[in-house]
Amino acid sequence: MPSQSADPEAPAPKTALSINAEELPKHFESAEAEARWDTAWQASGIYHYDETRPREETFVVDTPPPTVSGSLHVGHVFSYTQADVVVRYWRMRGKNIFYPMGWDDNGLPTERRVQDYFHVRCEAHVPYEPGLELKEASDAQRKERPRLVSRKNFIELCHQLTQVDEQAFHALFQRLALSVDWRQTYSTIDEHCRAIAQRSFLDLSAKGLAYQTWAPTMWDVDFQTAVAQAEVEDRTRPGAFHHIEFGVQGSDRSFVIATTRPELLPACVGVTAHPDDARNKDLFGKQALTPLFKVPVPIFPSELADPSKGTGILMVCTFGDQTDVLWWREQKLALRQVIGKDGRLVPVAYGSPGFESQDPELANRHYAELEGKKLAPAREQIVTLLRSASGSATGKGAPLTQEPEKIEHTVKFYERGERPLEFLSTRQWFVRLLDKKQALLAKGAEIDWRPDYMGVRYRDWTEGLSQDWCVSRQRYFGVAIPVWYRIDASGQPNYEQPILPAESQLPVDPMLDVPAGFQASQRDQPDGFTGETDVFDTWFTSSMTPQIGSHWGKDAARHARLFPADVRPQSHEIIRTWAFYTIAKALCHEGRVPWHNVMISGWILDPDRKKMAKSKGNAVTPLHLFEEYGVDSVRYWAASARLGADTAFDTQTFKVGKRLATKLFNAGKFVLGHPGELHPITSEIDRAFVAKLARLVESATLDLEGYRYANALQNIETFFWSQFTDTYIELAKPRAWGAQGRAEERGSALSALRLGLNVLLRLFAPVLPYITEEVWSWVFASETGQASIHVAPWPSAGDFKGIAPPHDPGSFDLALSCLNAINKAKSDAGVSAGRVAERLTLRANAGTLAAIAPVIADVAGAARCLSYDTALDAQLEAGVFAVTDAVFAAKA
RNA sequence: GGGCGGGUAGCUCAGUUGGUAGAGCGCUGGCUUUACAAGCCGGAUGUCGCAGGUUCGAGCCCUGUCCCGCCCACCA
């Protein structure tokens, strides 16, 4: 609604465009403005990436793809806003922004939702049903057995369900004003991402970095899948040391081991103790006899055995923990795997190879009471058996020597799992990372971690890496591992020489697609082939997000323009997974870093200082915050927190943000609502104000370049309130809008007020996109030709070009101090600040009086002094004023 | 057990290279002031976790220590 102000008399160099403030709403209607501007921004395409511009003009963001299951919470709003503020800054700096969005819809969370929602189970060998359509399962259907569907149908159902969530996520992010280019959207299970992940695998295979092996691997018995080191967490659980007496073959010696896992007794393959432990030195080299099963196992010394733990001597099982795996390998022990993939004890025949026993019949009788049981019941059962056994291996003494000793110990869990992990020997695919530690550390050091101490977490994790990356998962809704295996004439798959697809075929589904040189009819037939059923760890795909954006392997020119990215925003708990694997992949594929900066956001804590998370039921939904406070206010809260700092959820800060948006709205109305002539900025006070503004611009720019957006915001906000609205506007408005004085002086004030508003709006724009755009649109959009503030240039020295510096850089602060002294005199007298002072005397020391002279008229105008005297008071400190002899006009 | 971060006003947090402790909220006194009462002008509020040390001078540097949080760690 800009309109020309009418002043036909004045041949002014330039007439200020102004608005009719009366026509504007009384308050800023945030919800209405959000809808209006969102539509405008999407229509104008200001967030679009321009692929014709070169790399050096481009700022590339490796956006975190949120997990699509359920809803977004306020923690997402927090961290995504922080990244968006940085992105918006660089856009205003003229960068061509590549800011994609991804949906992480592949993986277990989605599978579980789909299983529940449709009441289905995926069964890899069920045939595909084209056109299968399912709706949410009814209560009646839920009572039936779940419907079995093929993997392809299951994946389709996953897509169907995630699409609904993705739309809701998209709408919320868009309202949050994330300046994403929505044309660059991917989902981690889509064809493009599957092809990239599989291409990654082909490249790793070609480089000898991907290998498969039959090896003990951490296994979740509920999900029935292998898991990687990074997905494992320690939890403290109550346990108990059971003391079990072992015999020694060919001797009447016996010894007692202590174990928290008596159910692994049938899996015992050895016994070890510290080499210097005098209690057991005589045993090394002999064979122990396990109780109940009478299996002879070697006794060997090991430095890893801790003499102070338990009884100092322990049984080695396949597999109780990672140390067992180590001993098993070093000592070339037998493999007696009694735990099945489902966590139940598998059938075993004593007396057969691998299960030699001195008394097979007794062993089989005991084992029969364990077979098929889950681990917890098996543990109870074996304790009962030990208690009731008539004799120990040596034939004397009770095998269970005493009551179990209760302890708290740490147990490894899959992070999403509910039962402890087991080590199971299975065939899995791995990526070779252990021997790349030094290179991984070097790459991590090349990256700027913000805050920098987050780099330490990466370093510590990398240094502590103890296993290669197990990338295969026995799941369904994931990216298929693109390999087939030949089946020999006897029907055995040949895992040694897998068949890989050609790169041009990607993505492939080995369960559906047929490898070159075979017919579909040869699937699972002797002399035919079989498809790999495993899928990749979801991180295998997620670790490719920079390459997913850059179309690695598909569009070399685009990849060159977009890789490595400039910044990866993410949170700290996934440094060991997402950040680590992404760095590892970029290293393996191209020997480069995937991005130059990582910005790590903190967590939102509830008032009890616990992490706010949907799963804990303490999360706040963002939408009602948008409604109550406005998006700008919510963004203000997010941008107030420094990177890496966990932040309390505090509604007070939303209120402060809302107040700020309102103030910008009102200041905008006021400054732009008055017509007048614009003249060059020449008056001392105006120049002094501009000089301070220029310093603010410098410091805010430095802060934003260093990702210290919260610092910048704080300085901008402080300046806005204390130097602009409450002060400079007060000092300048009588001159700018009064009829008195020379046109040049009035025009100087008007120009400086508008410059101040213009610059401050742009400084606030990355944090408060809606209100700044709103105010910008009234006048500045047409005046500058920049239709949107979000593509207007970031303030710089150029904005102040041609404006002479003030004679005295301190004159602005001096004017404030003087104005405050008069206001205080009014306050002390109980007089409103608006009351006219008919006369008063300003006292200060000589230097201060001299310095205030050039701006005293402005102060007097702002303080509404009709007349004033100055008087010397040498006692006062520099810059301090005293007001005396004030006479205020009667109340109007 | 190891590592990282934090402990500053009642609350949420700033505090650049060491130089007289800050903001907002809250509390409180005053003011309808022609942009804004969602406002303005004032006021009160601190053993900077604790103990040492370096220094003319420490919230900041060093040592020790206590709390809180996070990450890691070999489950006998």
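Reminder, nothing fancy here: chain letters follow the sequence lines and each chain counts from 1. Because the structure is a prediction, the values reported are computed rather than measured.
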Between [X] and [N], is there a contact of a side-chain N or O with OP1 or OP2 at under 4.0 Å?
X	N	answer
A:T410	B:C75	yes
A:K309	B:C75	yes
A:K412	B:C74	yes

Complementary nucleotide of [N], counting Watson-Crick and G-U pairs under 3.5 Å:
N	result
B:C36	none
B:C50	B:G64
B:C70	B:G3
B:G42	B:U28

Verdict with supporting geometry, A:F319 and A:W327, ring pair (Phe, Tyr, Trp, His ring centres under 6.0 Å)
CA-CA 10 Å; A:F319 297 95; A:W327 281 319; over 10 Å; no

Check whether any side-chain N or O of A:W637 sits under 3.5 Å from a backbone N or O of A:T651 as a donor-acceptor pair, and report yes or no.
no

Mind checking if [X] touches a base, just sugar-phosphate, or nothing, with heavy atoms under 4.0 Å?
X	result
A:W637	nothing
A:L421	base
A:E463	nothing
A:T259	sugar-phosphate
A:R261	nothing
A:D726	sugar-phosphate

Are the side chains of A:L375 and A:E422 in touch, meaning some heavy atoms are under 4.5 Å apart?
yes

Hey, what are the protein-to-nucleotides 23-28 of chain B N/O distances that come in under 3.5 Å?
from, atom 1, to, atom 2, distance (Å)
B:C25, OP1, A:R659, NH1, 3.2
B:C25, O2', A:Q652, OE1, 3.1
B:C25, O2', A:Q652, NE2, 2.9

I need the CG-C1' distance between A:L465 and B:C71, as an integer number of Å.
15 Å

